[in-house]
Amino acid sequence: MKTRLLFLSITLFVSGIINAQSITGLWAVDQVSVGDKKMTPIAKWFKYNTDHSYQAGNGWLQNDEGCWTYNKKEKQFLPESKNGKDEYGAFKVEFSNNKMKWARIEDGMKVIVSLSRISNVPKSPKDKAVGNWQLISVYKNQENITKSHNPEGKEAIFIRWTGTYRKTHPDTSRSNGYWYMNAHKPELHLIDYNRAIDVQVFIVSFQGNLMTMKPKNNKNITFTYKRK
C-alpha cells in the first residue's frame with residue numbers, strides 16, 4: 001500500500017513538473033481572436049520562467065511582467081501582471097507539440113490566443129524602422145518617377161529610437177516630428193512638429209536593408225529607402 005502511494009505521489013509530482021515545463025520558455029503570439037474578429041498584436045511575446053515569474057513585450061520592447069500559476073487538474077493558466085489586476089480570470093490551456101492555446105470569456109465573447117514556442121524575441125516593424133534611410137526610388141502607378149521627385153538624391157529620413165524623426169526633403173530643407181507604429185498593423189505614423197500639417201500614415205514593409213513605404217491614402221505611390 002505504501003509503495004502504491006509513493007508511486008502515485010511520484011507520478012503526480014512528475015506530472016506537475018511536465019505541465020510546468022510545457023509553459024516555461026519563450027512564446028510568440030500567432031493569433032488573437034475575440035469573437036469573430038482577429039486582433040493579433042505584432043511581435044507579441046511572453047517569457048515564462050521556472051520560478052513562476054514572467055516578462056512580456058512587443059518586439060524589443062518589454063512592457064509587462066508578473067507571476068503565473070497553472071492548475072494542472074483544471075488545466076487553467078493564470079498570469080498576474082504587476083501593471084494591474086486582470087478582471088477576466090484564468091485561461092483554459094491546451095498544448096500540442098510546440099504550440100499552446102489559451103481560451104476564456106471576456107465581456108461575453110470567446111477569446112482565443114494561439115502561441116508558438118520560439119528561441120529569440122521577435123523583431124517588430126517598429127524595431128526595423130529605427131535608423132537612417134536614404135530614398136532610392138519612387139514609383140507612381142508603376143512608373144519610375146525617382147528623377148523628377150528626387151533629382152539630386154537628397155531625400156532621406158532619420159527615424160530615431162526616441163520616437164522622433166528628421167526628414168530631409170529633395171530641396172535639402174528639413175522637417176522634424178514624432179513617429180509611432182501601429183501595434184496591430186505595419187503602419188508608420190509621422191506627426192510633424194508643425195501641427196498645421198496633417199499626420200502622414202504609411203504602410204511599411206522590409207526586405208534586408210530596404211524599407212518600402214506606401215501612403216495609406218494613396219497606395220499607387222511607393223517610396224523605397226535604403227539603410228545608410
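Worth knowing before you read on, the calculation uses all heavy atoms, side chains too, and leaves out hydrogens, waters and symmetry mates.
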Please step through side-chain contact (heavy atoms from CB on, under 4.5 Å) for the pair Thr24 and Trp68, ending with a clear verdict. CA-CA 10 Å; Thr24 56; Trp68 62 273; 3.7 Å; yes
Start with the C-alpha gap between Met181 and Asp127, add the side-chain angles, then the distance that decides, and say whether side-chain contact (heavy atoms from CB on, under 4.5 Å) holds. CA-CA 10 Å; Met181 194 77 70; Asp127 304 314; over 6 Å; no
Pair Ser22, Met100 - check side-chain contact (heavy atoms from CB on, under 4.5 Å), show working. CA-CA 9 Å; Ser22 295; Met100 178 166 59; over 6 Å; no
side-chain contact (heavy atoms from CB on, under 4.5 Å) between Phe95 and Ile23: does it pass, once the steps are laid out? CA-CA 9 Å; Phe95 297 100; Ile23 292 174; 3.5 Å; yes
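Judged purely by atom type and a 3.5 angstrom limit, Thr146 uses its side chain to pair as donor or acceptor with the backbone of Val138. Between the side chain of Trp45 and the backbone N or O of Gly59, at least one donor-acceptor pair lies under 3.5 Å. In this structure a side-chain-to-backbone donor-acceptor pair under 3.5 Å is present from Arg104 to Gly89.
Between Ser124 and Asn58, the closest side-chain pair of non-hydrogen atoms is not below 4.5 Å. Counting heavy atoms from C-beta on, the side chains of Val32 and Pro41 come closer than 4.5 Å. Between Lys101 and Lys92 there is no side-chain heavy-atom pair separated by less than 4.5 Å. Within the 4.5 Å cutoff, the side chain of Thr164 has heavy atoms near those of the Tyr193 side chain. Two residues are said to be in side-chain contact when any heavy atoms from C-beta on lie closer than 4.5 Å; Thr224 and Tyr139 fail this criterion. For the pair His52 and Tyr70, the minimum side-chain heavy-atom distance is 4.5 Å or more. When side chains are defined from C-beta on, Glu152 does not count as touching Thr172, because their heavy atoms never get closer than 4.5 Å. With contacts defined as side-chain heavy-atom distances shorter than 4.5 Å, the pair Gln31/Lys38 qualifies.
To the nearest 0.5 angstrom, Lys126 atom NZ is 5.5 Å from Trp179 atom CH2. Summarising the geometry, atom CG belonging to Asn182 is positioned 6.5 Å from atom CD1 belonging to Ile42; distances are rounded to the nearest 0.5 Å. Between atom NZ of residue Lys140 and atom CZ of residue Phe223 there is a gap of 9.5 Å, rounded to the nearest 0.5 Å. The structure places OG of Ser53 at 8.0 Å from NZ of Lys82, a figure rounded to the nearest 0.5 Å. A distance of 10.5 Å separates CZ in Arg227 from NZ in Lys128, rounded to the nearest 0.5 Å. In this structure, the separation between NZ on Lys154 and OG on Ser173 is 12.5 Å, given to the nearest 0.5 Å.
At a threshold of 4.0 Å, the pair Glu80-Lys85 does not count as salt-bridged, since none of the basic side-chain nitrogens sits closer than that to a carboxylate oxygen.
Few gaps surround CE on Met109; more than 12 heavy atoms of other groups in view lie less than 6.0 Å from it. Within 6.0 Å of CG on Asn83 lie more than 12 heavy atoms contributed by other residues, nucleotides or ligands. Around CD of Glu143, the count of heavy atoms belonging to other residues, nucleotides or ligands within 6.0 Å does not exceed 12. Heavy-atom contacts from other residues, nucleotides or ligands closer than 6.0 Å to NZ of Lys73 number 12 or fewer.
Each of Leu115 and Leu26 belongs to its own hydrophobic cluster when Ile, Leu, Val, Met, Phe, Trp and Tyr are linked at side-chain heavy-atom distances under 4.5 angstrom. Criterion: ILVMFWY side-chain heavy atoms under 4.5 Å apart, direct or through other members. Under it, Tyr225 and Ile145 are part of a common hydrophobic cluster. Each of Tyr180 and Trp60 belongs to its own hydrophobic cluster when Ile, Leu, Val, Met, Phe, Trp and Tyr are linked at side-chain heavy-atom distances under 4.5 angstrom. By the criterion of side-chain heavy atoms lying less than 4.5 angstrom apart, applied directly or through intervening Ile, Leu, Val, Met, Phe, Trp or Tyr residues, Val111 is not grouped with Leu78; the two fall into different hydrophobic clusters. Clustering ILVMFWY residues whenever any of their side-chain heavy atoms sit less than 4.5 angstrom apart, transitively, puts Phe158 in a cluster other than the one holding Ile136.
Of all heavy-atom pairs spanning Ala90 and Gln76, the tightest one is CB-CB, 4.0 Å. A pairwise comparison of heavy atoms in Tyr88 and Ile105 identifies CD2-O, 4.1 Å as the closest pair. Across all their heavy atoms, Gly153 and Gln134 have their closest contact at O-NE2, 2.8 Å. When all heavy atoms are compared, the tightest approach of Tyr165 to Tyr178 is CE2-O, 3.3 Å. Contact detail for Gly25 and Arg117: the closest heavy-atom pair is CA-NH1, 3.9 Å. Between Pro122 and Ala43, the closest heavy-atom pair is CG-O, 3.8 Å.
Counting only N and O atoms by type, the side chains of Lys99 and Ser116 include a donor and acceptor under 3.5 Å apart. Asn49 and Gln55 share a donor-acceptor pair across their side chains, judged by distance under 3.5 Å alone. A donor-acceptor contact under 3.5 angstrom links the side chains of Ser81 and Asp64, judged on distance only.
Between Tyr48 and Phe77, the gap from one ring centroid to the other is short of 6.0 Å. Two rings, from Phe91 and Trp102, have their centers less than 6.0 Å apart.
When hydrophobic residues (I, L, V, M, F, W, Y) are linked wherever their side-chain heavy atoms come within less than 4.5 Å, Ile197 remains an isolated member.
Not counting sequence neighbours, Asp171 has no partner by the salt bridge (Lys or Arg N to Asp or Glu O under 4.0 Å) test.
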Quiz: residues 210-222 side-chain donor-acceptor pairs under 3.5 angstrom, not counting sequence neighbours:
from: Lys216; atom 1: NZ; to: Glu187; atom 2: OE1; distance (Å): 3.4
from: Lys216; atom 1: NZ; to: Glu187; atom 2: OE2; distance (Å): 3.2
from: Asn218; atom 1: OD1; to: Asn220; atom 2: N; distance (Å): 3.3

